[in-house]
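For clarity, every value in this text was computed on a predicted model and none was experimentally measured.
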Amino acid sequence: MKTSVELQDPFSYMLIWLILAVIILAAFVFTQVYFRKKLREELRKAKKIRLKKISEATLEGKKRKYITELEFIEMDLRNNKIDKREAYLRMSKTIRMFVHDVTGINVQKYTLMEIKRVNIPQLTQLVREYYEPEFALRSSADAATSIYRTRNTISYWRR
């Protein structure tokens, strides 16, 4: 018996799918490479932060100003005008404003990860220390010790 239908070889269908899979894979690899390159460029730009130059006299004036602010925080804490959490919030604001004033970097609203990228280890360490007492409901952190560390960081800051 003769039929008018001719069957095609199964591999003729599979070739189209193979070509389509290769095209999709190539597109995926291309987009991965492209976006990783863009991300790398953005990170390089972020690393090229220019620090402003200030005179030694200006730096000493800024140090006095922010150490005085720390003394007010310490007095308010001792006199129970503020609680520990408020003390840490004010310390964080003080050190961030000091770093902004002496470097020109706008770290006032940076997260800890953004501060790490700026590569100022002293600031990173202090902000990491402040995080738990600032945001936790209860904390066993010692505010007096943190004020002391913040004061030392400001006192020994170099241009």
Side-chain angles (χ1 to χ4, degrees), residues 5-63 65-67 69-70 73 84-143 145-159:
V5 176
E6 292 183 23
L7 297 176
Q8 292 185 349
D9 188 23
F11 289 109
S12 66
Y13 292 110
M14 294 180 74
L15 186 61
I16 292 171
W17 293 112
L18 181 62
I19 292 171
L20 190 59
V22 168
I23 291 171
I24 291 172
L25 182 64
F28 177 76
V29 169
F30 174 77
T31 56
Q32 286 291 316
V33 170
Y34 176 77
F35 285 113
R36 286 175 191 248
K37 186 177 179 181
K38 283 285 189 193
L39 179 64
R40 213 173 294 130
E41 288 172 7
E42 290 297 319
L43 290 176
R44 280 192 195 124
K45 286 179 187 175
K47 287 182 183 176
K48 294 179 183 176
I49 296 173
R50 291 188 174 222
L51 302 178
K52 78 177 185 182
K53 303 285 184 185
I54 61 171
S55 68
E56 191 65 37
T58 304
L59 178 61
E60 290 306 314
K62 300 284 185 190
K63 286 180 179 182
K65 174 185 173 186
Y66 288 102
I67 287 173
E69 283 188 31
L70 287 173
I73 295 168
K84 190 187 309 185
R85 184 177 191 171
E86 180 65 24
Y88 275 99
L89 288 168
R90 288 173 56 184
M91 274 188 280
S92 181
K93 181 180 178 186
T94 300
I95 191 66
R96 288 168 186 253
M97 289 304 297
F98 171 76
V99 171
H100 170 68
D101 281 355
V102 298
T103 65
I105 303 171
N106 295 321
V107 294
Q108 303 93 309
K109 294 182 176 137
Y110 279 15
T111 64
L112 182 58
M113 294 302 285
E114 291 168 325
I115 289 172
K116 282 181 185 177
R117 278 190 238 131
V118 172
N119 197 23
I120 302 175
Q122 307 96 315
L123 180 62
T124 304
Q125 181 182 5
L126 286 173
V127 171
R128 184 181 298 125
E129 181 179 328
Y130 301 158
Y131 258 41
E132 189 256 333
E134 277 184 288
F135 298 111
L137 292 175
R138 290 190 179 92
S139 174
S140 61
D142 183 16
T145 303
S146 295
I147 291 171
Y148 174 78
R149 286 188 187 127
T150 306
R151 185 180 297 121
N152 278 346
T153 299
I154 293 172
S155 296
Y156 295 110
W157 190 273
R158 299 286 176 242
R159 291 187 291 144

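- Between the CZ atom of R96 and the OG1 atom of T94 there is a distance of 11.0 Å, given to the nearest 0.5 Å.
- The side-chain contact (heavy atoms from CB on, under 4.5 Å) test with Y130 singles out one residue from I95, L89, L112, and that residue is I95.
- You'll find the side chain of D101 reaches within 4.5 Å of the side chain of Y66, heavy atoms only.
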Item checked: Criterion side-chain contact (heavy atoms from CB on, under 4.5 Å) on L70 and I73, from CA distance to verdict -> CA-CA 5 Å; L70 287 173; I73 295 168; 4.2 Å; yes
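- Among residues two or more places apart in sequence or in another chain, the salt bridge (charged side-chain N to carboxylate O under 4.0 Å, His left out) test is passed with E129 by R149.
- Residues passing the salt bridge (charged side-chain N to carboxylate O under 4.0 Å, His left out) test with R90, sequence neighbours excluded: D76.
- Between Q108 and M97, the shortest heavy-atom distance links the atoms CG-SD, 3.4 Å.
- Y88 and S146 form a side-chain donor-acceptor contact under 3.5 Å, judged by distance and modelled atom types alone.
- Scored by the side-chain contact (heavy atoms from CB on, under 4.5 Å) test, K38 finds Y34, E41 as partners (sequence neighbours excluded).
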N/O donor-acceptor pairs under 3.5 Å from side chains in residues 120-128, not counting sequence neighbours:
{"from": "T124", "atom 1": "OG1", "to": "I120", "atom 2": "O", "distance (Å)": "3.1"}

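- Among all heavy-atom pairs drawn from K84 and S139, the shortest one is NZ-O, 3.1 Å.
- Rounding to the nearest 0.5 angstrom, the gap separating the CG atom in N152 from the CD1 atom in I147 is 12.5 Å.
- Taking every heavy atom of both residues into account, S92 and E134 meet most closely at CB-OE2, 3.6 Å.
- In terms of heavy atoms, R85 sits closest to P133 at CG-O, 3.7 Å.
- With a 6.0 Å radius and a threshold of 12 heavy atoms from other residues, nucleotides or ligands, F135 has its CZ atom above the threshold.
- Side-chain contact check for W157 versus V99: some heavy-atom pair is nearer than 4.5 Å.
- E60 meets the salt bridge (charged side-chain N to carboxylate O under 4.0 Å, His left out) test with K63; sequence neighbours excluded.
- Qualifying side-chain contact (heavy atoms from CB on, under 4.5 Å) partners for T111, counting only residues two or more places apart in sequence or in other chains: M113, E114, Y131.
- Separation of atoms OG1 (T150) and CZ (F98) is listed at 11.5 Å; rounding is to 0.5 Å.
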